[in-house]
Amino acid sequence: MADESKNEYAAQLQNFNAEQHKHFYIVIPQVYKHLQEMDERRTIKLSECYRGFADAERKVIPIISKCLEGMVHAAKSVDERRDSQIVVDCFKSGFEPPTDYPFEDYSQHIYRTVSDGTISSAPKQDSVRADKVTVGKAKGKLWLFGKKPKQGPALEDFSHLPPEQRRKRLQQKIDELNRELQKETDQKDALNKMKDVYEKNPQMGDPSSLHPKIAETTGNIERLRMEIHKNEAWLSEVEGKVSQRAERRHSVEANHLVAQGRESPEGSYTEDTNQEIRVQHHPHGHSEFDDEFDDDEPLPAIGHCKAIYPFDGNNEGTLSMKEGDIMYIIEEDKGDGWTRARKQNGDEGYVPTSYIDITLEKNSKGS
């Protein structure tokens with residue numbers, strides 16, 4: 001048994017030595033050799049990447065140099081005077097600075113001056129006042145114990161504006177609503193296409209997750225269409241009145257002198273045309289049709305003006321004029337910088353208040 005154990009030990013020791021030799025002289029060197037080859041391949045790839053990066057940079061450098069030269073040329077060509085003048089021309093208002101406040105002797109009789117919110121004149125017995133009051137001097141005055149009338153909030157249908165300005169504002173709002181409607185419609189189409197894709201390919205998403213957004217977009221579209229329809233109805237109303245005024249203008253020329261002499265019972269003109277119409281007698285009665293077109297009667301002149309600067313009047317509702325033209329004033333500036341005037345040939349429109357020298361008449365608009 002000792003001899004057999006000794007022989008088995010020798011055989012096992014021989015096998016161990018063979019495996020150890022194989023591990024340290026064959027297996028381990030092969031592993032390191034493979035690692036070395038892999039690192040060499042990595043080094044080659046890095047060298048190729050750096051060489052490609054350098055070549056790309058070498059090709060782009062001329063383009064970058066050209067761009068930098070263009071930037072330097074553009075910077076050298078800057079004209080600060082011209083740029084600042086463009087800014088001034090873009091934002092200048094055209095309004096003249098206010099004139100000096102006149103000295104008023106309050107020890108004498110106090111007479112009411114023309115305020116910013118009315119164009120009515122003093123009673124007839126106040127004959128001490130001058131016959132004519134220029135707007136440039138009187139517009140900044142206020143009654144000693146009075147307050148400037150407060151302007152109410154802007155109405156949704158812009159009925160507080162003159163007809164031409166109201167028409168322009170309504171048209172602008174309709175254009176804005178149409179742009180919003182187009183945007184919402186495009187968004188709805190995109191959502192529907194996305195929903196179809198999800199239905200065909202469920203792995204990309206859940207179609208039901210888009211239902212709330214589609215419903216919200218549909219509601220916005222309906223709301224915008226109702227807003228557009230409402231504003232188009234207001235616009236049609238304004239355009240109808242403007243066209244009616246143009247058609248009926250020639251029929252009221254014979255009564256123009258009579259209309260110019262309208263006065264309120266106190267002797268001063270009132271801006272409420274309904275009050276003036278109620279004073280007149282209608283032999284044939286007063287119908288609802290007359291009520292509807294009371295504001296279409298041509299306005300009487302409240303003064304006259306002289307053009308200080310020429311004005312092209314390219315926009316609809318404006319009136320072209322040349323320097324030195326004499327025109328009638330039929331509606332005073334309401335604070336928006338525009339005054340309504342009428343030429344000798346009957347053409348009416350709005351002109352910039354700062355472009356004319358206005359003189360208001362005393363006692364009535366028809367003087």
Side-chain angles (χ1 to χ4, degrees), residues 3-91 175-225:
D3 291 338
E4 290 177 0
S5 299
K6 183 178 180 180
N7 292 333
E8 185 179 359
Y9 167 71
Q12 293 294 336
L13 182 62
Q14 187 179 1
N15 291 334
F16 172 77
N17 290 331
E19 291 292 335
Q20 180 176 264
H21 183 274
K22 180 181 178 182
H23 175 75
F24 285 101
Y25 290 94
I26 298 176
V27 177
I28 291 297
Q30 288 181 354
V31 171
Y32 284 127
K33 185 179 179 180
H34 291 159
L35 288 175
Q36 183 179 359
E37 292 175 354
M38 184 175 64
D39 189 68
E40 289 174 356
R41 291 196 300 270
R42 182 184 65 85
T43 304
I44 293 173
K45 290 294 182 181
L46 283 176
S47 65
E48 292 176 355
C49 288
Y50 286 128
R51 186 169 59 252
F53 174 76
D55 293 339
E57 286 291 327
R58 189 181 297 111
K59 293 178 182 178
V60 172
I61 284 175
I63 301 175
I64 296 177
S65 300
K66 187 175 180 181
C67 293
L68 293 176
E69 291 175 0
M71 293 171 64
V72 172
H73 178 71
K76 290 181 179 180
S77 62
V78 170
D79 186 358
E80 67 277 5
R81 291 285 184 180
R82 181 173 59 85
D83 292 347
S84 61
Q85 187 61 37
I86 291 175
V87 175
V88 172
D89 294 339
C90 181
F91 291 99
D175 295 340
E176 294 176 359
L177 292 173
N178 283 325
R179 286 193 292 269
E180 294 181 7
L181 178 61
Q182 184 63 36
K183 182 178 178 181
E184 294 291 338
T185 303
D186 295 341
Q187 184 175 0
K188 182 180 179 181
D189 294 340
L191 291 172
N192 288 328
K193 291 180 180 178
M194 188 180 299
K195 180 182 176 183
D196 294 338
V197 172
Y198 285 174
E199 290 176 350
K200 294 178 181 178
N201 302 295
Q203 67 274 11
M204 297 183 65
D206 184 12
S208 60
S209 62
L210 299 176
H211 290 167
K213 189 64 177 177
I214 294 176
E216 179 183 357
T217 306
T218 304
N220 293 337
I221 292 175
E222 294 298 329
R223 177 181 58 81
L224 290 172
R225 285 176 178 172

**Student:** Show, in sequence, the C-alpha distance, side-chain angles and deciding distance for D39 and Q36, and conclude whether the side chain to side chain contact (heavy atoms under 4.5 Å, CB included) test is met.
**Tutor:** CA-CA 5 Å; D39 189 68; Q36 183 179 359; 5.8 Å; no
**Student:** Start with the C-alpha gap between E19 and N15, add the side-chain angles, then the distance that decides, and say whether side chain to side chain contact (heavy atoms under 4.5 Å, CB included) holds.
**Tutor:** CA-CA 6 Å; E19 291 292 335; N15 291 334; 5.6 Å; no
**Student:** Mind listing the closest non-hydrogen atom pair of P29 and H23 along with its distance?
**Tutor:**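 The answer is CD-O, 4.3 Å.
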**Student:** Atom CD1 in I63, atom SG in C67: separation rounded to 0.5 Å?
**Tutor:**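 One gets 7.5 Å once the value is rounded to the nearest 0.5 Å.
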**Student:** How many angstroms lie between atom CD of E222 and atom CG of L181, to the nearest 0.5 angstrom?
**Tutor:**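 E222 atom CD to L181 atom CG measures 9.5 Å (nearest 0.5 Å).
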**Student:** Consider only side-chain N and O atoms of D89 and Q85, and report whether a donor and an acceptor are under 3.5 Å apart.
**Tutor:**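 Indeed, the side chains of D89 and Q85 share at least one donor-acceptor pair under 3.5 Å.
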**Student:** Taking everything shown except Q20 itself, do over 12 heavy atoms lie less than 6.0 Å from its CD?
**Tutor:**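 Count over threshold, so yes.
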**Student:** Within the distance-only criterion (no hydrogens, no angle test), does the side chain of N7 pair as donor or acceptor with the backbone N or O of D3 below 3.5 angstrom?
**Tutor:**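 Pair found, side chain donor or acceptor close to backbone of D3.
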**Student:** Run E180 and L177 through side chain to side chain contact (heavy atoms under 4.5 Å, CB included) and show every step you take.
**Tutor:** CA-CA 5 Å; E180 294 181 7; L177 292 173; 4.2 Å; yes
**Student:** Mind running side chain to side chain contact (heavy atoms under 4.5 Å, CB included) on K33 and E37 for me, showing each step along the way?
**Tutor:** CA-CA 6 Å; K33 185 179 179 180; E37 292 175 354; 3.5 Å; yes
**Student:** Do we see a donor-acceptor contact under 3.5 Å between the side chains of D186 and Q182?
**Tutor:**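 Yes, a side-chain donor-acceptor pair sits under 3.5 Å.
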**Student:** Would you find more than 12 non-hydrogen atoms of other residues, nucleotides or ligands less than 6.0 Å from E40 atom CD?
**Tutor:**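 Enclosed: over 12 neighbouring heavy atoms sit under 6.0 Å from CD of E40.
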**Student:** With rounding to the nearest 0.5 Å, note down the distance linking CD in Q187 to OG1 in T218.
**Tutor:**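 Answer rounded to 0.5 Å: 10.0 Å.
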**Student:** In Å, rounded to the nearest 0.5 Å, how long is the span from CG of L35 to CD of Q30?
**Tutor:**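 So the gap between those two atoms works out to 12.0 Å.
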**Student:** Under a 4.5 Å cut-off applied to non-hydrogen side-chain atoms, are L46 and R42 in contact?
**Tutor:**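 L46 vs R42: side chains touch.
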**Student:** If you round to the nearest 0.5 Å, how far is NZ of K213 from CG of L210?
**Tutor:**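 Going from CG on L210 over to NZ on K213, the span is 10.5 Å.
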**Student:** Got a sec: does the CD of Q14 have more than 12 other heavy atoms crowding it under 6.0 Å?
**Tutor:**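 Not more than 12 within 6.0 Å, no.
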**Student:** Taking everything shown except D55 itself, do over 12 heavy atoms lie less than 6.0 Å from its CG?
**Tutor:**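 Yes - once you tally the heavy atoms of other residues, nucleotides and ligands closer than 6.0 Å, there are more than 12.
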